[in-house]
*Asks:* 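Sharing a structure with you now.
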Amino acid sequence: MTALLPVLMANEAPQFIAFDPSVSDEVVAVMKRRSELEPDAFIAELEKLADRGDVGALEYLGEIYEAGLLNRPKDEVKACDYFERVGNARADSLHNMATCFYNGRGRAENHAKARILYAQAAEAGWLMSYCARGNMLIKGQGGDVDVGRGLELCRFAADLGDKNAQTDLGGYLLMGKVTERKPVEAREWLTRAANQEQGNASYLLGQIYEKGDGVGRDTTKSRDWYKIAHRLGRDDAPYRLMLSFLTDAASKRDGKTVIDPAYTPHILEWGRIAAQVDYNEERRKQAADIVAELES
């Protein structure tokens, strides 16, 4: 049991001292030469340092293979191997190792182990780990359910500026499934996260303003947030934009649905994107059908 675990179970908030992610002078020197080196040579330089136990080099290599950077194919097993070699020396590596076990990518899924590693990462000063573990407590993943403590951990990280914790806390308050529903407070947290370019928060704000949930309905703001969400990687946002413009464009005339042509370019623009990128097959097909009908 880590020293943090008893603290996490106590009523008072844990004291947070942020981890310093600085790296060795040797790694800094390699990073400065990045533009001069071919990807293979750059990786080889980091590998030399990693073989000597340089934890900064190990962390960078893990991130490279986790994301498939520098023309490397994504290799989550190799990424987790690098994170594991860091051990307890870096808080970010502990968090990344926890995520390996949480997602079951690069390691066999093990939520109990992920809980412990997130706690260790938080103890070592990685802010994201607080709400990551809090979410597991709320959902009962890897151990007992503790909704109250889970929410406290997410709020703690949100107060300190973690945009993902702000998004998660805002989502809980918006949905009202594990805590009292508070749409106004939810919007405040989501706005703070979205202002830090958190894509999920931007998407939820699009829904809030589209429905007028705890705030006046505002389709302009809704579309603005959906556009930001799309830019930040929410592939379902174009479909929402297409529907938003389609709703405003449609009216009944002599028992038939008529589309205001002023909206057609917007519907086509976002419908074409949705037909290509939405992760839901049914929505992709619906968007393609709407585009085809308007084009004809």
Side-chain angles (χ1 to χ4, degrees), residues 66-74 76 103-105 163-164 166-168 170-177 181 183-184 186-296:
E66 181 183 42
L69 304 175
L70 302 177
N71 300 321
R72 305 292 102 173
K74 287 184 69 171
E76 289 164 325
N103 291 329
R105 294 198 296 265
K163 63 183 180 181
N164 296 317
Q166 291 167 350
T167 302
D168 291 340
Y172 290 131
L173 293 166
L174 183 65
M175 302 305 173
K177 292 183 178 179
R181 178 170 144 77
V184 174
R187 177 166 47 86
E188 291 170 356
W189 283 115
L190 292 169
T191 301
R192 289 173 64 177
N195 286 337
Q196 297 186 71
E197 299 218 316
Q198 216 289 351
N200 295 332
S202 302
Y203 184 87
L204 289 173
L205 285 169
Q207 290 185 314
I208 286 171
Y209 283 104
E210 182 179 20
K211 298 175 182 176
D213 191 357
V215 67
R217 188 172 181 272
D218 189 328
T219 55
T220 299
K221 283 187 177 180
S222 172
R223 290 166 187 164
D224 287 344
W225 282 120
Y226 280 139
K227 289 173 185 177
I228 292 171
H230 169 57
R231 176 172 62 80
L232 295 174
R234 280 296 298 246
D235 290 338
D236 48 353
Y239 179 84
R240 301 302 312 179
L241 282 160
M242 179 196 71
L243 288 187
S244 177
F245 284 112
L246 186 61
T247 299
D248 282 359
S251 61
K252 289 289 186 180
R253 188 180 304 166
D254 299 328
K256 296 181 180 180
T257 300
V258 178
I259 301 297
D260 184 340
Y263 290 92
T264 302
H266 302 293
I267 301 168
L268 289 173
E269 175 189 4
W270 293 107
R272 288 170 183 145
I273 297 172
Q276 292 295 319
V277 305
D278 199 297
Y279 57 82
N280 181 279
E281 182 179 358
E282 184 178 342
R283 288 198 296 263
R284 289 199 306 272
K285 182 179 184 306
Q286 186 179 5
D289 288 346
I290 289 171
V291 168
E293 186 173 350
L294 286 176
E295 288 178 333
S296 66

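In this chain, numbering begins with 1 at the start of the sequence shown.
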*Asks:* Do you know the tightest heavy-atom contact between Ile228 and Ser202?
*Replies:*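 Minimum heavy-atom separation between Ile228 and Ser202: CG2-OG, 3.6 Å.
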*Asks:* I'd like to know if the side chain of Arg217 and the backbone of Lys211 have a donor-acceptor N/O pair within less than 3.5 Å.
*Replies:* no
*Asks:* So do the side chains of Gln276 and Ile273 get within less than 4.5 Å of each other, counting heavy atoms only?
*Replies:*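 Of all side-chain heavy-atom pairs linking Ile273 with Gln276, none is under 4.5 Å.
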*Asks:* Can you tell me how far apart CE (Met242) and CG (Leu294) are? Round to the nearest 0.5 Å.
*Replies:*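 Answer for the CE-CG pair, Met242 versus Leu294, is 9.5 Å.
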*Asks:* Find the distance between CD (Gln207) and CH2 (Trp225) and round it off to the nearest 0.5 Å.
*Replies:*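 Separation between the atoms: 14.0 Å.
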*Asks:* Any side-chain to backbone donor/acceptor pair from Ser244 onto Arg240? Under 3.5 Å, distance only.
*Replies:* no
*Asks:* Minimum heavy-atom separation for Val277 and Asp235, please, with both atom names.
*Replies:* O-CB, 3.3 Å
*Asks:* Measuring from Leu174:CG to Thr167:OG1, what's the distance to the nearest 0.5 Å?
*Replies:*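 Output value for this atom pair is 11.5 Å.
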*Asks:* Side-chain contact, heavy-atom cut-off 4.5 Å: Ile259 with Leu246?
*Replies:*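 They are in side-chain contact.
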*Asks:* Can you name the nearest heavy-atom pair linking Gly171 to Leu190, along with the distance?
*Replies:* N-CD2, 4.3 Å
*Asks:* In Å and rounded to the nearest 0.5 Å, what is the CG to CD1 distance from Leu241 to Ile267?
*Replies:* 11.5 Å
*Asks:* Is any side-chain heavy atom of Ile208 closer than 4.5 Å to a side-chain heavy atom of Val215?
*Replies:* yes
*Asks:* Side-chain contact, heavy-atom cut-off 4.5 Å: Lys252 with Val258?
*Replies:* no
*Asks:* Counting only heavy atoms from other residues, nucleotides and ligands, does the tally under 6.0 Å from NZ of Lys221 exceed 12?
*Replies:* no
*Asks:* According to ring-ring contact (aromatic ring centres under 6.0 Å, His included), who are the partners of Tyr226, at least two apart in sequence or on a separate chain?
*Replies:*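 Scan of Tyr226 (ring-ring contact (aromatic ring centres under 6.0 Å, His included), adjacent residues dropped) gives Tyr203.
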*Asks:* Going by the angle between their ring planes, with limits at 30° and 60°, are His230 and Trp270 parallel, tilted or perpendicular?
*Replies:* perpendicular
*Asks:* Please report the shortest heavy-atom distance between Ala287 and Ala275, naming the atom on each side.
*Replies:* CB-N, 3.8 Å
*Asks:* Going by an N to O cut-off under 4.0 Å, is there a salt bridge joining Arg181 and Asp213?
*Replies:* yes
*Asks:* Is any side-chain heavy atom of Arg223 closer than 4.5 Å to one of Asp248?
*Replies:* yes
*Asks:* Which of these passes side chain to side chain donor-acceptor pair (under 3.5 Å) with Asp278: Arg283, Lys285, Arg234?
*Replies:*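 Considering Arg283, Lys285, Arg234, a side chain to side chain donor-acceptor pair (under 3.5 Å) with Asp278 is found only for Arg283.
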*Asks:* Is a donor on one side and an acceptor on the other found under 3.5 Å between the side chain of Ser222 and the backbone of Asp218?
*Replies:*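 Judged by distance alone, no pair lies under 3.5 Å.
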*Asks:* Tell me if the CD atom of Glu295 is crowded by more than 12 foreign heavy atoms within 6.0 Å.
*Replies:* yes
*Asks:* If every non-hydrogen atom of Glu293 is compared with every non-hydrogen atom of Ser296, which pair is closest and at what distance?
*Replies:*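 It is O-OG, 2.8 Å.
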*Asks:* Working to the nearest 0.5 angstrom, can you tell me the gap between Lys163 NZ and Gln166 CD?
*Replies:*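 Taking NZ in Lys163 and CD in Gln166, the distance rounds to 10.0 Å.
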*Asks:* Is any side-chain heavy atom of Gln198 closer than 4.5 Å to a side-chain heavy atom of Asn164?
*Replies:*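 In short, these two side chains touch, coming nearer than 4.5 Å.
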*Asks:* For the atom pair OH (Tyr239) and CD1 (Ile290), what is the distance rounded to the nearest 0.5 Å?
*Replies:*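 Those atoms lie 6.5 Å apart.
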